[in-house]
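Each remark here refers to the structure printed beneath this line.
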Amino acid sequence: MRPIPPPPRLLPLLAGSAAGSLGPEDLAEIGISVAAVDIVELAVGLGLDRVERLGGLARLTGWEGPLVAVARTGSGPPAATGWRARELPEVLSESDGILELRSALDGSTISLARRDLADWARRLGAEPAMSVAGEGVEVLEWEGGEPPPGALLVSSLAQERAREGRFWDGSAWAELAIAAAAGSLVDGCGCRACAVADRGYLEHLWAMREITAEHLLGWHNLYQLRQMVEG
């Protein structure tokens with residue numbers, strides 16, 4: 001599998017079987033054709049051998065399309081205990097392609113070889129990002145700002161902003177809690193959220209801590225970001 005832009009360019013990062021609260025069917029309906037997984041997260045958490053016993057990444061995630069495996073790491077310990085499950089493992093050192101990592105979950109130290117991670121990715125049904133990049137296609141993590149042109153962009157931006165109660169209003173990130181305007185989140189938007197709910201209703205769902213609010217915001221954000229990236 002050699003995804004070369006354009007399209008597709010935006011690769012939502014899957015966590016478990018979803019991108020935020022969006023499952024494989026949701027992603028396909030939005031128009032996503034390639035997704036990404038974090039091979040380091042799987043190695044440190046669930047364990048790659050267990051993923052293999054479960055039938056590989058397609059069985060684990062439910063995603064039947066192409067997958068690109070990235071290896072994300074952090075540069076420091078988690079900021080707060082309550083966020084450990086969302087923090088990346090801290091890089092203690094790297095030598096000759098061997099990563100020494102500290103897990104953000106329990107503080108244990110883990111050694112991972114980049115070559116082994118690439119081999120595992122292929123065994124489990126994904127194409128390593130280094131292999132895709134080796135074909136002349138740059139693979140970048142996109143966490144905000146203008147999307148870099150030409151590259152494949154691995155991102156959890158849509159779901160992270162939804163988790164914060166924020167949505168893309170066509171030009172910037174807006175707070176749903178203070179979105180006083182009536183009507184849909186973005187006029188003319190073709191996403192599911194804008195088709196079934198207006199801002200007032202979404203604000204009510206968010207105030208009630210209803211998970212549907214995050215789901216619809218995630219749908220809207222990913223739809224909008226895909227439009228931005230894919231043009």
Closest non-hydrogen contact found for Leu217 with Gly165 is CD1-CA, 3.9 Å
- Item | Same apolar cluster: Leu99 and Ile110, side chain cutoff 4.5 Å | yes
So CG of Leu153 and CG of Leu13: to nearest 0.5 Å the spacing works out to 13.0 Å
Side chain to side chain donor-acceptor pair (under 3.5 Å) test vs Glu100 passes for just one of Ser93, Ser111, Ser95, namely Ser111
Looking only at heavy atoms, the pair that brings Ser131 and Glu127 closest together is OG-OE2, 2.6 Å
Any side-chain to backbone donor/acceptor pair from Asn221 onto Glu160? Under 3.5 Å, distance only. no
- Are any side-chain N or O atoms of Arg226 and backbone N or O atoms of Gly31, one a donor and one an acceptor, separated by less than 3.5 Å? yes
The reported gap from CG in Leu222 to CZ in Arg161 (rounded to nearest 0.5 angstrom) is 14.0 Å
- Message: Looking at Arg199 and Ser184, would you say the former's side chain and the latter's main chain have a donor-acceptor pair under 3.5 Å?
- Response: yes
Here the gap from Gln227 atom CD to Leu10 atom CG, rounded to the nearest 0.5 Å, amounts to 10.5 Å
Could you go through the side-chain contact (heavy atoms from CB on, under 4.5 Å) check for Leu101 and Leu88 one step at a time? CA-CA 10 Å; Leu101 304 172; Leu88 299 173; over 6 Å; no
Residue pair Leu60 / Leu124, side-chain heavy-atom distance below 4.5 Å: no
Rounded to the nearest 0.5 angstrom, the CH2-CD1 distance for Trp63 and Ile32 is 7.0 Å
(message) Quick check: is Met130 connected to Leu112 through a chain of hydrophobic side chains (ILVMFWY, heavy atoms under 4.5 Å apart)?
(response) no
To the nearest 0.5 Å, atom CG of Asp96 lies from atom CZ of Arg114 at 12.5 Å
For residues 137-148, which side-chain donor-acceptor pairs fall under 3.5 Å, sequence neighbours excluded?
residue	atom	partner	partner atom	Å
Trp142	NE1	Gly144	O	3.2
Trp142	NE1	Gly145	O	3.2

Stepwise side-chain contact (heavy atoms from CB on, under 4.5 Å) test for Thr73 and Glu90: CA-CA 6 Å; Thr73 57; Glu90 177 187 4; over 6 Å; no
Hits for side-chain contact (heavy atoms from CB on, under 4.5 Å) against Ala28, two or more places apart or cross-chain, chain-then-number order -> none
In short, salt bridge (Lys or Arg N to Asp or Glu O under 4.0 Å) pairs touching residues 18-35 with sequence neighbours left out are Asp26-Arg192, Glu29-Arg192
For Gln159 and Ala19, the nearest pair of non-hydrogen atoms, with its separation, is NE2-CB, 3.8 Å
For residues 43-60, the side chain to side chain donor-acceptor pair (under 3.5 Å) pairs (sequence neighbours left out) are Glu52-Arg123
Looking only at heavy atoms, the pair that brings Ala71 and Val40 closest together is CB-CG2, 3.6 Å
Smallest heavy-atom separation, Ala69 atom then Ala126 atom, equals CB-CB, 4.0 Å
- Test item: Leu42 and Leu57 side chains (from C-beta on) under 4.5 Å apart, heavy atoms: yes
Residues at least two apart in sequence or cross-chain that pass ring-ring contact (aromatic ring centres under 6.0 Å, His included) with Trp219, listed by chain then number, are none
Quiz item: Is the backbone N or O of Trp168 less than 3.5 Å from a side-chain atom of His220, with the two atoms forming a donor-acceptor pair by type?
Solution: yes
Applying side-chain contact (heavy atoms from CB on, under 4.5 Å) to Ser171 and not counting sequence neighbours gives Asp169
A side-chain contact here means heavy atoms from C-beta on lying under 4.5 Å apart; do Val70 and Val37 qualify? no
I'd like to know if Val186 and Leu216 are part of one continuous hydrophobic network [Ile/Leu/Val/Met/Phe/Trp/Tyr, side-chain heavy atoms within less than 4.5 Å]. no
Under the side-chain contact (heavy atoms from CB on, under 4.5 Å) criterion, do Leu157 and Trp173 qualify, and how do the steps go? CA-CA 11 Å; Leu157 184 60; Trp173 293 106; 3.9 Å; yes
One should read off an interatomic distance between Ile39 CD1 and Asp116 CG, to the nearest 0.5 angstrom, of 11.0 Å
**Asked** Hey, does the side chain of Gln224 reach the backbone of Gly170 with a donor-acceptor pair shorter than 3.5 angstrom?
**Response** no
Note: Arg163 and Trp206 closest approach over all heavy atoms is O-CH2, 3.3 Å
Sub-4.5 Å side-chain heavy-atom contact between Leu27 and Leu14: yes
Without swapping roles, check the side chain of Arg72 against the backbone of Asp38 for a donor-acceptor pair under 3.5 Å.
no
